[in-house]
Participant: 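Below is one structure. I have some questions about it.
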Amino acid sequence: MLHLVQSEEGYVSPQGIEMCAEVVGLTPAEVTAVATFYSMFKRRPVGEHLIGVCVNPMCGLLGGEAIWKALTQDLAIANDETTTDGKISLERIECQAACSYAPSVTVDWEFMDDMSVDKVREVVAKLQAGEPVQSTRGPVIRSFRATERTLAGFDDGLADAGGNNADAVMLAGLRVAHELGMKPARPADPPRPAADGASGS
Amino acid sequence: MTLTPNLTAYWDESDSWTVAGYERHGGYQGLAKAFEMGPDAVITEVKESGLRGRGGAGFPTGLKWSFVPQGDGKPHYLVVNADESEPGACKDIPLLLASSQQLIEGMIICSYAIRSSTAFVYIRGEVPHVIRRMHEAVRQAYAAGYLGKNILGSGYDLDVIVHGGAGAYICGEETALLDSLEGRRGQPRLKPPFPAVAGLYASPTVVNNVETIANIGAIIRYGADWYSSFGTMKSPGIKVFSVSGHVRNPGIFEMPLGTTARELLGYAGGIREGHSLKFWIPGGSSVPLLTEEHLDAPLSYEGMESVGSMLGTGTVMVFDETVSVVRAIKGWLDFYKHESCGKCTPCREGTWWISQLLHSLNDGTGKEADLAKLEDLCAQILGRSFCPLGDAAATPYPGALKYFRNEFEAGTHTPSAELFDPQASVVFSAVKA
């Protein structure tokens, strides 16, 4: 429900807290206790897009800190701040479980794997110009509020974006196995269909 | 040792996450067999497979399921822990994206075995694509008759609920996860009672990791003997390893437990061109780091313990000679400090204090006494915090001090950035200013 509030208000607003309390039958204090615990719930309005840069050691050391420095300089804002035109907010985020893609960035929480300073600058330029940005494992970027609505549990029709998202990183081991002629470690599977006939893409 | 694609075997088919893609390779045949076997036989089979929890603790899975009291008249629950948030861990997210139906089949078999009619998947909030993928995968399973009422004509009913979190590493701790799922602040609970006796809504609950449950379908379909034919005596089976860091081909590699880091890193293409391995971590930031001398130790629960570390999640992180150990440890402690839930004093105060001291050492302004002070602080947290997050926070520094004391000593007079240029660790090429 708090994600739903954010999808409407751009943050967890006092009115949003009151609404949750009323619907669920708790006190506003109890709802606030929950809202203030989780780092995704924001207390100040977020811009149209939220860019998160992972700064934990794997991503941070492999380029995340360099990306953070470039972004804060380019946009002239600091952590948890929003550009004056309301377009972009920045956040230093924790491990996104995309370590094999380090350095990892998110835009509206969608994956932007394997980033560099140049790539991120391109992304920002497109976002500012209102041009489409394709996430690396997921859909075209929409907005912070649209993602919050997805997190609130509403179907956005984008579940198949990118197929199964198995790219070079996810397929690293399987590709080596194929090259070396190593078979799946499972007995008696039905024979694979010929060529790409049934892969449904 | 060879690679052993199991869960990842058909990831090169882009519909591997759908019911159609899964059925194409015999998916849900395990479920049909489970219904023939009956719930108790399923638990026995999982016990005999030797499967151990893949979330880091390595607790025997079948044994955990058998702790759920049967015939008690209470609802039972399965909760899948999909909160993968540990620095270095990136195996569950890919599994959720590409092996969605494997997870669901495993959930149905487990729920059937423990006599649960409602199961949950708790997914961290920061991965909306995973959340929307699992919602749709569950919808497809319902549409195909694998979820809902009278599954495959067995008379068994199951509902699965996909729940998104909101940014809290502590919610990967099973009891904090349960509190979060109940709509509260995600702070851990006292154990005992354990979740198997009093978990979600004070009812018997099994909490298992994504990879653990994703393995169940194949174990039932091919049998415990098949699964335990891989791996070691104490660590049977196949592991989804991830490799990240300064290697040529980071990614997901499935291998039997007991393989060595040398073999695994070999398949990952070895260290990047022109560099050499400095230190590596077998399973996420919460386990002690290791060096080149440990590359031939088996990657198994007992193998990693034998060299003073732990297998943890089996998500291997690799760092080359450009990396400052002090900077890395500081970074991990900043993480634990941020993620500390605040409930207990050792962790809440300790992580902040440790982090401050590491920042000083990293800046070259540390004091001689800081090294011993840090050891003392870690000792005050380890085993004395309310939950394992504290233990995890107390682990990186002692592990690093053992092999890299000289770098911490250097922190009393020289910033780490002067000794190890941060730019040299960056993996993308030179930036236009």
Side-chain angles (χ1 to χ4, degrees), chain A residues 2-3 33-34 37-41 56-58 60-63 65-66 70 93-100 102 106 109-111 116-118 137-138 147 150-151 155-156 158-159 161 163-166 168-174 176-177 182 184-187 189-190 193 198-201, chain B residues 2-6 8-9 11-17 20 24-26 84-85 87-90 93-94 97-98 125-126 128-129 131-133 135-136 164 166-169 184-186 218 222 238 242 244-245 249-254 267 317 323 328 331-332 335 425-428 431-432:
Chain A
L2 290 166
H3 282 301
V34 175
F37 184 81
Y38 299 92
S39 58
M40 287 181 84
F41 295 139
N56 283 170
M58 183 56 73
L61 293 172
L62 267 57
E65 287 290 358
I93 61 174
E94 305 289 16
C95 182
Q96 273 294 113
C99 318
S100 299
T106 57
W109 295 113
E110 303 287 359
F111 290 114
S116 67
V117 169
D118 292 339
R137 285 181 293 164
T147 294
T150 300
L151 293 171
D155 181 18
D156 56 21
L158 300 169
N164 67 354
N165 310 109
V169 166
M170 281 169 64
L171 291 173
L174 190 62
V176 173
M182 295 167 177
R186 356 173 78 205
D189 271 338
S199 67
S201 48
Chain B
T2 66
L3 292 155
T4 47
N6 171 29
T8 62
W11 277 10
D12 54 344
E13 293 171 18
S14 68
D15 66 345
S16 68
W17 69 273
R24 184 179 312 127
H25 298 288
E84 185 171 57
S85 306
C90 53
I93 295 305
L97 287 173
E126 301 98 317
H129 199 50
I131 292 171
R132 62 168 72 93
R133 171 66 43 85
H135 274 296
E136 184 61 26
Y169 165 71
R184 306 168 203 277
R185 294 165 67 90
Y222 301 122
I238 296 171
S242 67
S244 64
N249 303 316
I252 299 287
F253 299 82
E254 264 191 292
Y267 288 125
M317 296 197 272
V323 175
W332 283 315
F335 167 78
S425 306
V426 169
V427 294
F428 50 81
V431 171
K432 297 181 226 150

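This is a predicted model, so every value here is computed, not measured. What you see below is based on every heavy atom in this structure, not just the backbone, and it leaves out hydrogens, waters and symmetry mates. Residue numbers start from 1 in every chain, and the chains themselves are labelled A, B, ... in the order their sequence lines are given, proteins ahead of strands.
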Participant: Among B:Pro5, B:Gly125, B:Ala166, who wins on heavy-atom pairs under 4.5 Å with chain A?
Facilitator: B:Ala166
Participant: So, for A:Ala172 and B:Pro250, which heavy atoms are closest and what is the spacing to 0.1 Å?
Facilitator: CB-O, 3.9 Å
Participant: Which distance, rounded to the nearest 0.5 Å, do you find between the CG of A:Leu174 and the CD1 of B:Ile252?
Facilitator: 11.5 Å
Participant: Need one label for A:Leu151: side chain, backbone, both or neither, based on atoms under 4.5 Å from any heavy atom in chain B.
Facilitator: side chain
Participant: If you compare all heavy atoms of B:Ile93 against all heavy atoms of A:Arg137, which two are closest, and at what distance to 0.1 Å?
Facilitator: CG2-NH1, 4.4 Å
Participant: Less than 4.5 Å to any heavy atom of chain A: does that hold for the side chain of B:Val427, its backbone, both, or neither?
Facilitator: both
Participant: Which heavy-atom pair separates A:Cys99 from B:Ala89 by the least distance, and what is that distance?
Facilitator: SG-N, 3.8 Å
Participant: Verify side-chain contact (heavy atoms from CB on, under 4.5 Å) between B:Tyr169 and A:Glu94, making sure each step is shown before the conclusion.
Facilitator: CA-CA 9 Å; B:Tyr169 165 71; A:Glu94 305 289 16; over 6 Å; no
Participant: Counting only heavy atoms closer than 4.5 Å, note whether A:Ala98 contacts chain B via side chain, backbone, both or neither.
Facilitator: backbone
Participant: Out of A:Gly173, A:Gly163, A:Ala185, which one racks up the most heavy-atom pairs below 4.5 Å with chain B?
Facilitator: A:Ala185
Participant: Mind running side-chain contact (heavy atoms from CB on, under 4.5 Å) on B:Phe428 and A:Asp118 for me, showing each step along the way?
Facilitator: CA-CA 9 Å; B:Phe428 50 81; A:Asp118 292 339; over 6 Å; no
Participant: How about B:Glu126 and A:Thr106: do any of their side-chain heavy atoms sit closer than 4.5 Å?
Facilitator: no
Participant: Heavy-atom cut-off 4.5 Å, strictly under: side chain, backbone, both or neither for A:Ala102 against chain B?
Facilitator: backbone
Participant: For the candidates B:Pro94, B:Ala168, B:Ser242, B:Gly164, which exhibits the highest count of non-hydrogen atom pairs separated by less than 4.5 Å from chain A?
Facilitator: B:Pro94
Participant: The criterion is ring pair (Phe, Tyr, Trp, His ring centres under 6.0 Å); which residues satisfy it with B:Tyr267, sequence neighbours excluded?
Facilitator: none
Participant: So which of A:Val169, A:Leu62, A:Thr147, A:Leu171 has the biggest tally of heavy-atom pairs under 4.5 Å with chain B?
Facilitator: A:Leu62
Participant: Using a cut-off of under 4.5 Å on heavy-atom pairs, state which of A:Ala161, A:Gly60, A:Ala177 scores highest against chain B.
Facilitator: A:Ala161
Participant: Please round to the nearest 0.5 Å and tell me the distance separating atom CE of A:Met170 and atom CG of B:Leu97.
Facilitator: 5.5 Å
Participant: Does any backbone or side-chain atom of B:Ala328 lie under 4.5 Å from a heavy atom of chain A? Answer side chain, backbone, both or neither.
Facilitator: both
Participant: What pair of heavy atoms forms the shortest contact from B:Gly186 to A:Tyr38, and how long is it?
Facilitator: N-OH, 3.2 Å
Participant: Give the minimum heavy-atom separation between B:Pro87 and A:Cys95, together with the two atoms involved.
Facilitator: CA-SG, 3.6 Å
Participant: For B:Glu13, does its backbone N or O pair with a side-chain atom of A:Asn164 as donor and acceptor, under 3.5 Å?
Facilitator: yes
Participant: Based on non-hydrogen pairs under 4.5 Å, which of B:Ser85, B:Ala218, B:Ala98 is most in contact with chain A?
Facilitator: B:Ala98
Participant: For a 4.5 angstrom cut-off between non-hydrogen side-chain atoms, does A:Glu110 reach B:Pro128?
Facilitator: yes
Participant: Any idea which heavy atoms bring A:Met182 and B:Leu3 closest together, and the distance?
Facilitator: SD-N, 3.2 Å
Participant: Just by modelled atom types, is the A:Ala159 backbone N or O under 3.5 Å from a matching donor or acceptor in the B:Arg133 side chain?
Facilitator: yes
